[in-house]
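Protein chains get the first letters and strands the later ones, always in sequence-line order, with residue 1 at the start of each. FYI, side chains are in, hydrogens and waters are out, and symmetry mates aren't considered; it's all heavy atoms of this structure.
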Protein chains: 2
Amino acid sequence: MESTPTPLAPKFAALGDPTRLAIVTRLMSDGPQSAGQLQDIADISAPAISRHLKVLRQAGVIRQQIDAQRRIYSVEPEALQAIASWTISKREFWEGSLDRLAQILDSQKES
Amino acid sequence: MESTPTPLAPKFAALGDPTRLAIVTRLMSDGPQSAGQLQDIADISAPAISRHLKVLRQAGVIRQQIDAQRRIYSVEPEALQAIASWTISKREFWEGSLDRLAQILDSQKES
DNA sequence: TTGTTAATTAACTATTATGTTATTCAACTA
DNA sequence: TAGTTGAATAACATAATAGTTAATTAACAA
């Protein structure tokens, strides 16, 4: 079996669940949050959220920080970096959309 | 529940399995291949490979092309594009590695 | 202490995924 | 036509996921 340089599969798998992708998206847009604050991300119980956070953590997608009783979660930059690097290294498959990448980068720069 | 703009989760999920990630990696590095040619990607039966290909196809990650009895598979550029765009749009989390992105792009340009 | 808050772990259930072998289907080939 | 090839589907077993409620753990507050 062929393997990829970095263990990317577990990260992809972690982001493959809609609830977990929503958690990561939220942590990136709104910054670090406690497990309790993330409760409203989906209509599921607290233990369910807790398990999703565990999966994300074990895949190296998020990190945990302890603040008294609270567990604060934030996105692990290296994880995003790894995925970004992979996609970019394979960019010949975006077929002629290298321009579009430049566009995206430009628009980000200005915001 | 929060949702992401594009249905990225199924693509991440599809790439989250090591065998499927290997298939996609192979199709990108070696070009389009038939189901049979992909047989050696993992030590599993042909039907198992066939099912993985179906999952990838349903997630929009690969496309199928029919050539007589053969089914030729190739990577769907839009899928990679979608993932790349997402990561790039979130690039503030690569923490100071914007330079590194430039590096990656440069090295790709020359190869 | 005693109680409250925040979150996880335990135990369990239901569903989904992944693998198997056997079968079917379609398209070539002799 | 009869046989072969390439690949998918069918039927099934088992493992992994994702959810639930109940119980536990740890930290703070009265």
Side-chain angles (χ1 to χ4, degrees), chain A residues 1-3 7-27 30-75, chain B residues 1-4 7-24 26-27 30-75:
Chain A
M1 155 125 82
E2 282 178 353
S3 69
L8 264 183
K11 291 178 176 59
F12 280 136
L15 295 172
D17 178 272
T19 299
R20 290 195 294 262
L21 183 54
I23 288 171
V24 172
T25 300
R26 165 97 142 252
L27 290 177
D30 298 2
Q33 299 194 13
S34 68
Q37 286 177 295
L38 291 164
Q39 187 57 54
D40 70 329
I41 210 91
D43 196 25
I44 54 177
S45 66
I49 294 286
S50 187
R51 285 259 282 311
H52 280 305
L53 290 168
K54 191 178 190 178
V55 170
L56 286 167
R57 198 146 49 90
Q58 287 177 334
V61 175
I62 63 173
R63 102 178 50 182
Q64 188 193 61
Q65 194 179 345
I66 294 174
D67 170 38
Q69 314 111 302
R70 291 195 186 71
R71 304 295 130 93
I72 310 297
Y73 292 94
S74 53
V75 173
Chain B
M1 152 125 87
E2 282 180 353
S3 69
T4 42
L8 265 183
K11 291 179 175 59
F12 280 136
L15 295 173
D17 178 271
T19 299
R20 289 194 293 263
L21 184 53
I23 288 172
V24 171
R26 165 98 142 250
L27 290 177
D30 298 2
Q33 299 195 13
S34 68
Q37 286 177 294
L38 290 164
Q39 187 57 53
D40 70 328
I41 209 92
D43 196 24
I44 56 177
S45 65
I49 294 286
S50 187
R51 285 258 283 312
H52 280 304
L53 290 168
K54 192 178 189 178
V55 170
L56 286 166
R57 197 145 49 89
Q58 287 177 335
V61 175
I62 62 174
R63 100 177 53 183
Q64 189 193 58
Q65 193 179 346
I66 295 174
D67 170 39
Q69 313 111 303
R70 293 195 185 72
R71 302 297 129 93
I72 310 297
Y73 292 94
S74 53
V75 173

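One cannot find a donor-acceptor pair under 3.5 Å joining the base of C:dA6 and the side-chain atoms of A:Arg70.
Here the CD-OG distance, from A:Gln39 to A:Ser45, works out to 7.0 Å after rounding to the nearest 0.5 Å. Taking CD1 from A:Ile66 and OG from A:Ser34, the interatomic distance works out to 13.0 Å, rounded to the nearest 0.5 Å.
Note: CG (B:Asp17) to C1' (C:dG19) measures 11 Å, nearest angstrom. D:dA18 atom P lies 11 Å from atom CD1 of A:Ile23, rounded to whole Å. Following rounding to the nearest Å, A:Ile72 (CD1) and C:dT8 (P) show an atom-to-atom distance of 10 Å. Taking atom CG on B:Asp40 and atom C1' on D:dA7, their separation rounds to 16 Å, with Å as the unit. Summarising the geometry, the separation between CD1 on A:Ile41 and P on D:dA18 is reported as 16 Å, rounded to the nearest angstrom. Rounded to an integer number of Å, the gap from CD of A:Gln65 to C1' of C:dA6 is 16 Å. Spacing between atom CD1 of B:Ile49 and atom C1' of D:dT9 amounts to 16 Å, rounded to whole angstrom units. Here C:dG19 presents its C1' atom at 13 Å from CD of B:Gln39, a figure rounded to the nearest Å.
Scanning both residues, B:Pro10 and B:Pro7, for their nearest heavy atoms gives CD-O, 3.2 Å.
Residue A:Ser34 places at least one side-chain N or O closer than 4.0 Å to OP1 or OP2 of C:dA7. In terms of phosphate contacts, A:Lys54 brings no side-chain nitrogen or oxygen within less than 4.0 Å of OP1 or OP2 of C:dA7. Side-chain N/O atoms of B:His52 include none lying less than 4.0 angstrom from OP1 or OP2 on C:dA17. Contact annotation: A:Tyr73 side-chain N/O to C:dA6 OP1/OP2 distance is not under 4.0 Å.
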Exercise for the section: Given side-chain contact (heavy atoms from CB on, under 4.5 Å), test A:Gln37 with A:Asp30 step by step and report yes or no. Expected result: CA-CA 11 Å; A:Gln37 286 177 295; A:Asp30 298 2; over 6 Å; no
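A 4.5 Å side-chain heavy-atom check between A:Leu38 and A:Leu27 finds at least one atom pair inside the cut-off.
Among the nucleotides C:dT20, D:dC28, C:dT18, the one closest to the side chain of B:Ile44 is C:dT20. If you check D:dA18, C:dA27, C:dT8 against the side chain of A:Ser50, the one that comes closest is C:dT8. For B:Ser45, counting side-chain heavy atoms from C-beta on, the closest listed nucleotide (C:dT8, C:dT20, C:dA26) is C:dT20. With D:dT21, C:dT20, D:dA27 as the choices, the nucleotide that has an atom nearest any side-chain atom of B:Pro47 turns out to be C:dT20.
Toward the 5' end of DNA chain D, the nearer of the two residues A:Arg71 and A:Ala46, judged by each one's closest nucleotide, is A:Ala46. Comparing A:Arg51 and A:Gln64 along DNA chain C, the residue whose closest nucleotide (by nearest heavy atom) sits nearer the 5' end is A:Gln64.
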